[in-house]
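What follows is a single structure, written as structure tokens, with notes after it.
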Amino acid sequence: MALTCAPPLLNLKLKNKYSQHHFCVAKKSNSVASTPVRNSLNLDSDSRSFWANDKGFRIRFLWCAPKPNLMKFLVGTSPGYLERDSRRFLFPALGGLLFGYDIGATSGATISLQSPELSGTNWFNFSAVQLGLVVSGSLYGALAGSLIVYPLADFLGRRRELIIASLFYLIGALLTAYAPGLGVLLVARLLYGLGIGMAMHGAPLYIAETCPSQIRGTLISLKELFIVMGILLGYFVGNFEINAIGGWRYMYGFSAPIALLMGLGMWSLPPSPRWLLLRAVQGKGSLQEYKEKALLALRKLRGWSGEDKVSERQIEDTLVSLKTAYADNESEGSFLEVLQGPSLKAFIIGGGLVLFQQITGQPSVLYYAGPILQTAGFSAAADATKLSVVIGVFKLLMTGVAVLKVDDLGRRPLLIGGVAGLAFSLLLLSAYYKFLGGFPFVAVAALLLYVGCYQISFGPISWLMVSEIFPLRTRGKGISLAVLTNFGSNAIVTFAFSPLKELLGAENLFLLFGAIAVLSLVFVVTSVPETKGLSLEEIESKILK
């Protein structure tokens with residue numbers, strides 16, 4: 001029967017700063033299932049209408065989010081929506097967690113590996129070069145993975161790339177755990193690194209292309225939170241297994257079931273609808289067939305079934321945007337197209353961020369965490385594993401701040417404030433080593449300020465900007481090049497740190513990093529745009545043109 005509302009006093013409209021709620025009491029009727037009410041004006045959001053039957057009355061609850069950046073409240077109101085958004089974020093983000101876990105586990109594994117009593121092997125006496133290869137083996141693998149995926153990104157697609165990454169993770173973890181000798185261990189570390197390179201490319205791509213623009217920043221930043229959680233998990237497992245015989249095998253092997261979960265989870269998710277449309281425009285199959293696959297994937301991601309005009313309209317709009325980008329009738333972009341036109345502008349922004357992320361000294365500053373805290377009188381600093389846990393918890397808390405604020409404050413405010421804090425903390429550390437050595441609390445404050453500012457700026461925001469700034473036509477290749485830039489600059493900073501420390505001294509090294517941080521602040525202020533609330537197509541048309 002049609003809804004007949006009661007007198008006006010029972011037809012209520014309540015407001016707060018987050019949403020509007022409408023309550024309408026109707027006459028007795030049969031139960032009616034929950035009904036979605038789609039908003040045709042905003043293709044990235046919708047409203048939900050719920051009916052409740054109780055004692056002869058039927059009550060309608062309508063939730064709608066008037067502000068785009070409050071989509072997260074809409075998601076939270078429906079268990080079905082929450083489950084779907086969690087799944088499409090959780091499984092790609094596990095690739096980041098496994099990356100972070102390797103960083104954390106390695107800090108404890110290297111201690112276990114070199115111990116005559118604890119290694120459980122007769123090849124524990126590593127040279128400096130051999131130990132360096134074990135520690136950085138996954139980094140070399142990540143570099144190789146970034147190179148491999150550059151020409152293959154659009155062919156594989158985001159979903160298949162993450163499934164392959166999970167296989168590399170799984171094989172690398174198991175092979176490391178059962179390595180009979182150093183040679184096998186190094187091969188296993190390389191294989192695990194291939195998984196890192198592919199996951200750090202595919203995860204932000206998949207999340208960015210499948211989530212609503214209103215919460216894209218939150219979800220991609222959560223991937224950085226997962227990396228930090230992985231580091232912390234690695235520290236905890238290392239601390240727990242540090243006294244076990246052959247404990248390094250358990251530390252590395254612990255990641256295997258997580259990799260299996262990631263692979264099975266990605267298998268259950270559909271391909272990225274935007275990637276399917278990209279393949280259609282590239283002439284890789286029937287346009288109509290790919291449109292139908294993209295529509296089916298979008299409906300599966302959103303949990304909608306039957307006729308869905310909103311999804312159909314979004315598919316058509318994305319297809320028009322892609323056809324415009326391919327108006328020159330080339331089926332695919334050239335190998336170097338990412339260094340031309342709008343793609344070059346995107347690479348300057350995204351590549352510049354991940355480059356400054358590394359060359360402002362992030363690995364080097366954390367290297368000094370132990371000595372700094374020891375000079376300040378913290379006895380816990382003598383125990384490397386416990387110190388690592390303390391730093392990891394603080395990194396996790398500050399990353400959580402960035403996740404909560406990135407879609408409210410925007411990318412630029414967090415970057416500008418965080419990078420300014422980085423520069424100040426590095427200059428403060430330099431001053432401590434030059435003439436403030438009698439005030440150890442200065443060193444502790446500078447260290448915590450550095451870690452906190454990094455985790456609200458370069459840590460999550462760099463990868464967020466990389467995932468959303470490239471045009472769809474060159475997004476796969478562009479992110480591959482950005483990932484390669486990140487891991488390449490990481491390797492350079494890692495290898496250059498020791499000779500620079502000997503040449504310049506700690507005080508001048510931090511001064512150098514501080515000067516680079518000031519340059520990075522100028523870069524952010526002058527070159528990095530605000531993308532908050534914009535769809536990927538709007539970023540391409542409004543910012544890159």
Side-chain angles (χ1 to χ4, degrees), residues 43-44 146 149-155 157-158 200-202 204-211 213 216-217 220 272-284 294 314-357 410-412 415 461-486 520 522-545:
L43 302 181
D44 284 331
S146 304
V149 82
Y150 183 84
L152 297 177
D154 288 341
F155 169 74
R158 305 18 169 160
M200 293 307 291
H201 174 269
L205 260 177
Y206 188 87
I207 297 171
E209 291 185 356
T210 58
C211 69
S213 61
R216 185 177 61 243
I220 297 176
S272 160
R274 284 184 170 98
W275 173 76
L276 290 169
L277 294 177
L278 175 65
R279 299 301 282 169
V281 174
Q282 289 175 341
K284 301 302 179 181
Q314 185 170 5
I315 292 295
E316 289 296 335
D317 287 350
T318 304
L319 195 56
V320 168
S321 176
L322 277 171
K323 285 180 176 178
T324 301
Y326 279 78
D328 55 7
N329 295 321
E330 292 183 40
S331 60
E332 290 187 70
S334 65
F335 189 76
L336 296 177
E337 187 183 0
V338 73
L339 299 178
Q340 302 169 5
S343 297
L344 175 59
K345 182 178 180 180
F347 178 67
I348 290 173
I349 296 169
L353 285 173
V354 294
L355 176 65
F356 280 119
Q357 180 192 60
R411 286 65 162 152
R412 275 177 59 84
L415 275 173
I461 308 299
S462 295
W463 289 110
L464 168 58
M465 294 295 295
V466 163
S467 69
E468 61 187 10
I469 198 65
F470 285 97
L472 184 54
R473 176 183 172 95
T474 58
R475 188 170 296 146
K477 292 185 176 68
I479 295 182
S480 299
L481 199 55
V483 172
L484 182 63
T485 301
N486 179 267
S520 69
V522 173
F523 170 77
V524 169
V525 171
T526 59
S527 303
V528 178
E530 180 58 73
T531 58
K532 180 183 75 170
L534 298 177
S535 70
L536 298 180
E537 289 74 27
E538 287 173 331
I539 292 173
E540 184 172 350
S541 62
K542 295 180 180 179
I543 293 177
L544 298 180
K545 295 300 184 184

Among all residues two or more places apart in sequence or in another chain, which pass the side-chain contact (heavy atoms from CB on, under 4.5 Å) test with Leu355?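 Only Ile359, Thr485, Ser489 meet the side-chain contact (heavy atoms from CB on, under 4.5 Å) criterion with Leu355.
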
Any non-hydrogen side-chain atom of Val149 less than 4.5 Å from a side-chain atom of Val483?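 No, their side chains stay 4.5 Å or more apart.
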
Side-chain heavy-atom pair Leu152, Ser480 within 4.5 angstrom cut-off: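 No. Closest side-chain heavy atoms not under 4.5 Å.
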
Quick check for you: to the nearest 0.5 Å, what is the distance between [X] atom [atom1] and [Y] atom [atom2]?
| X | Y | atom1 | atom2 | value |
| --- | --- | --- | --- | --- |
| Ser535 | Lys542 | OG | NZ | 7.5 Å |
| Gln357 | Trp463 | CD | CH2 | 6.5 Å |
| Ile479 | Leu484 | CD1 | CG | 13.5 Å |
| Gln340 | Thr474 | CD | OG1 | 10.0 Å |
| Thr531 | Ile539 | OG1 | CD1 | 4.5 Å |
| Ile207 | Leu464 | CD1 | CG | 10.5 Å |

Residue pair Arg475, Leu205: steps toward the side chain to side chain contact (heavy atoms under 4.5 Å, CB included) verdict: CA-CA 8 Å; Arg475 188 170 296 146; Leu205 260 177; 3.2 Å; yes

So which atom in [X] and which in [Y] form the shortest heavy-atom distance, rounded to 0.1 Å?
| X | Y | answer |
| --- | --- | --- |
| Leu415 | Val524 | CB-CG1, 3.8 Å |
| Gly202 | Arg158 | O-CB, 4.4 Å |
| Ile349 | Met465 | CG2-CE, 4.2 Å |
| Ala208 | Ser467 | CB-O, 3.7 Å |
| Phe470 | Ser343 | CE2-O, 4.0 Å |
| Ser462 | Val354 | CB-CG1, 4.2 Å |

Side-chain (Arg412) to main-chain (Val525) donor-acceptor, under 3.5 angstrom: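 Present.
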
Is the backbone of Pro273 close enough, under 3.5 Å, to the side chain of Glu209 for a donor and an acceptor to pair up by distance?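 Such a contact is absent between Glu209 side chain and Pro273 backbone.
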
Pair Phe347, Leu481 - check side chain to side chain contact (heavy atoms under 4.5 Å, CB included), show working. CA-CA 8 Å; Phe347 178 67; Leu481 199 55; 3.6 Å; yes

Which pairs, with at least one residue in residues 526-545 and sequence neighbours excluded, count as a ring-ring contact (aromatic ring centres under 6.0 Å, His included)?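 For residues 526-545, and leaving out neighbouring residues, there are no ring-ring contact (aromatic ring centres under 6.0 Å, His included) pairs at all.
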
Can you check side chain to side chain contact (heavy atoms under 4.5 Å, CB included) on Phe523 and Leu353, steps first, answer last? CA-CA 9 Å; Phe523 170 77; Leu353 285 173; 4.2 Å; yes

What do the steps show when you test Val528 against Ile461 for side chain to side chain contact (heavy atoms under 4.5 Å, CB included), and what is the final call? CA-CA 11 Å; Val528 178; Ile461 308 299; over 6 Å; no

